Student: 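Below: one structure in structure tokens.
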Amino acid sequence: MTEMIQAVRGMNDILPSETHLWLYAEHVFRRVLLAHGYQEIRFPIVEKTDLFKRSIGEITDIVEKEMYTFLDRNEESLTLRPEGTACCVRAALEHGLLHNQVQRLWYSGPFFRHERPQKGRYRQFHQFSAEAFGLAGPDIDAEIILLSFAVLEKLGIHSLVKLQLNSLGTPESRNQYRKQLIQYFQSHQDKLDEESLQRLHKNPLRILDSKNPEMKQLIANAPKLLEHLDTESLEHFEKLQTYLKHAGLNFEINPCLVRGLDYYTKTVFEWVTDKLGAQGTVCAGGRYDGLVQQLGGKPTPAIGLSFGMERTLLLMQQGEKNHKLDYTLHAYLITDGDQSFSAGLKIAKYLRTKVPGLKLMLHCGGGSVKNQFKKADKSGAQYALIVGEHELKTRSISLKNLREDLPQQSLYQDELAEYLKLKISKK
Ligand code: ATP
Ligand code: MG
């Protein structure tokens, strides 16, 4: 036998048994975003490599080791998008959406990072994201965080996650802090692991984010970014906390929350869970007031968030709601021979138009009526509809309830439509 080609490691097929959960979650996201006045934007999966280098930062995990970068046939360096914010800003700038305007946008789709695949961490994964441009105050920070809570609530997983907040301040105050942090870690250089040593001068804030348990104590004693915030960032952060408290939203301040991308300023937040092992961040976001300018636009304040879909779905399976959408067929249409199949095609079309929401499968592939009945039974459908020679003559359709012991009925097409309409609405 010829050897089979398998999927790329870390890139998953999503099978029919799983898509119902995806559909449900996507439906909830869309509804919540629409309810908050956000509009959808779509952009390509491939962008110029420089877009990500310039925005995410050269000394970050993503740019250093996770990007799928390749030369195309014109020798141009392109990259499969590892995240969406930079793409969204690029597209919005290119089409003049940010010109003195407030924009609330959302998008969803696949993203690509060459990471070590494990539960909740894949090489192709999916995000559902929102970005708001042109608003500088903590009001939109509060609103977008409450929006994320609304999603979690609707998905029935809000009790499984906790909100963590931090502020990274302005680039100026962060620079000041950076110097102190380097000094601190330098004086404890013998305790730094290899990765942190590499980060020490390039991106010391990322050391705070280290997952190495041996570094925990060292990090806990490090100077705190929040203690070095500029007045404006501090006021912004305090106001945000007041809004959230008023809204009844619990949160904790995590001074070590720094996020993996360089463009963040002021507010950063994550929804984290202890139910998914090391992959605990389900949704993450923050303010990025400098990015639009960094990518060639005018200074434009902005904030965004992303839900990791796979982690969200893993959590939904542990949540309190039953998310099963009902895909069971209502009816299975059986025909007997060529002429009755032609009639069956028309009847199926008529019924699907007349009965909203009707899930009707028309049997294809021939076979005896007895055999088709077996297929109808196996399909899970409630009713078998039969169009045979007798029905053709009488211009009727026979209906047999496959799940209850009731006599077979003979109905005209319009009567059948009414009957099915009634039965479906009762379900
Ligand atoms: P982590 O610290 O878990 O690596 P991150 O900070 O790199 O996450 P972001 O760039 O903020 O992640 O992406 C937003 C969200 O997308 C994450 O919180 C997570 O839910 C999801 N995500 C990120 N990378 C992956 C991945 N490789 N596989 C699955 N989901 C991911
Ligand atoms: Mg990561």
Side-chain angles (χ1 to χ4, degrees), residues 7-12 14 18 22 25-26 29 51-52 55-57 59-68 79-89 106-131 144-145 148 151-152 155 157 160-166 168 195 199 203 205-212 254 256-265 267-288 291 302-317:
V8 178
R9 192 164 121 83
M11 304 207 181
N12 300 317
I14 301 168
E18 302 160 295
W22 283 80
E26 286 160 1
F29 276 110
L51 176 67
F52 302 114
S55 56
I56 298 169
I59 319 294
T60 54
D61 283 349
I62 296 181
V63 172
E64 277 183 330
K65 47 188 186 196
E66 294 175 1
M67 293 208 300
Y68 279 91
T79 294
L80 296 186
R81 59 186 194 189
E83 64 106 34
T85 304
C87 314
C88 185
V89 171
W106 69 267
Y107 52 85
S108 66
F111 294 88
F112 305 86
R113 297 184 194 175
H114 197 277
E115 305 200 63
R116 195 168 67 78
Q118 54 200 290
K119 186 178 163 196
R121 190 175 295 285
Y122 311 101
R123 290 182 173 172
Q124 173 173 317
F125 62 98
H126 298 77
Q127 288 186 340
F128 222 101
S129 310
E131 317 277 359
I144 210 164
I145 291 174
S148 61
V151 169
L152 294 162
L155 295 176
I157 53 177
L160 305 179
V161 287
K162 282 201 173 109
L163 175 62
Q164 297 195 339
L165 285 186
N166 195 17
L168 300 180
E195 194 180 50
R199 294 264 136 102
N203 198 347
L205 264 77
R206 288 290 288 164
I207 301 179
L208 299 176
D209 196 31
S210 165
K211 308 266 177 339
N212 183 352
N254 176 0
C256 291
L257 188 67
V258 292
R259 313 283 301 109
L261 303 90
D262 278 356
Y263 52 61
Y264 287 107
T265 52
T267 312
V268 288
F269 63 93
E270 290 190 357
W271 285 101
V272 296
T273 179
D274 53 13
K275 304 271 184 264
L276 299 179
Q279 276 55 253
T281 306
V282 177
C283 168
R287 183 165 274 286
Y288 51 92
L291 183 62
I303 181 165
L305 61 77
S306 283
F307 275 86
M309 288 295 283
E310 284 79 1
R311 294 182 197 176
T312 305
L313 263 62
L314 283 169
L315 214 52
M316 279 164 69
Q317 284 157 330

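Both ligands and their constituent atoms are indexed starting at 1 by order of listing. Bear in mind the structure is a predicted one, so any value in this text is a computation, not a measurement. Both backbone and side-chain heavy atoms feed into the values below; hydrogens, waters and symmetry mates do not.
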Student: Counting only heavy atoms closer than 4.0 Å, does ligand 1 sit against the backbone of Arg113, its side chain, both, or neither?
Tutor: side chain
Student: Quick test: of every protein heavy atom, which one is nearest to atom 31 (C) of ligand 1, and how far off is it to 0.1 Å?
Tutor: Phe125 CD1, 3.4 Å
Student: Report the nearest protein non-hydrogen atom to atom 28 (N) of ligand 1: residue, atom name, distance rounded to 0.1 Å.
Tutor: Tyr122 N, 2.9 Å
Student: If we ignore hydrogens and angles and just use 3.5 Å, is the side chain of Arg311 paired with the main-chain N or O of Gly120 as donor and acceptor?
Tutor: yes
Student: Less than 4.0 angstrom from a charged side-chain N to a carboxylate O is my criterion; do Lys211 and Glu195 meet it?
Tutor: no
Student: Among all protein non-hydrogen atoms, which one is nearest to atom 2 (O) of ligand 1, and what is the separation to 0.1 Å?
Tutor: Lys211 NZ, 4.1 Å
Student: Indicate yes or no: at least one non-hydrogen side-chain atom of Leu315 is less than 4.5 angstrom from one of Leu155.
Tutor: no
Student: Number the atoms of ligand 1 from 1 as they appear, then name those within less than 4.0 Å of a heavy atom of Arg259, with their elements.
Tutor: 6 (O), 9 (P), 11 (O)
Student: Tell me, do Leu165 and Ile145 make a side-chain contact under 4.5 Å, heavy atoms counted?
Tutor: yes
Student: So does Asp61 pair up with Arg113, basic N to acidic O under 4.0 Å?
Tutor: no
Student: How does Thr312 reach ligand 1, if at all, at less than 4.0 Å between non-hydrogen atoms: by side chain, backbone, both, or neither?
Tutor: neither
Student: Nearest to atom 21 (C) of ligand 1, what protein heavy atom do you find, and at what distance?
Tutor: Gly308 CA, 3.6 Å
Student: Is it the case that ligand 1 has an N or O less than 3.5 angstrom from some N or O of Glu270?
Tutor: no
Student: Any idea which protein heavy atom is nearest atom 8 (O) of ligand 1, and the distance to it?
Tutor: Arg311 NH1, 4.4 Å
Student: Any idea how Phe125 and Phe111 line up, ring-wise: parallel (<30°), tilted (30 to 60°), or perpendicular (>60°)?
Tutor: tilted
Student: Identify the closest protein heavy atom to atom 20 (O) of ligand 1: which residue and atom is it, and at what distance?
Tutor: Thr281 O, 2.9 Å
Student: Give me the nearest non-hydrogen protein atom to atom 1 (P) of ligand 1 as residue plus atom name, then the distance to 0.1 Å.
Tutor: Arg121 NH2, 3.6 Å
Student: Check whether any side-chain heavy atom of His126 lies under 4.5 Å from a side-chain heavy atom of Glu310, and answer yes or no.
Tutor: yes
Student: Would you please classify the geometry between the Tyr288 ring and the Tyr264 ring as parallel, tilted or perpendicular, with 30° and 60° separating the classes?
Tutor: perpendicular
Student: Any idea which protein heavy atom is nearest atom 13 (O) of ligand 1, and the distance to it?
Tutor: Gln127 NE2, 3.0 Å
Student: Report yes or no: does Gln279 have a heavy atom closer than 4.0 Å to ligand 1?
Tutor: no
Student: Is there a donor-acceptor pair closer than 3.5 Å between any side-chain N or O of Thr281 and the backbone N or O of Glu270?
Tutor: no
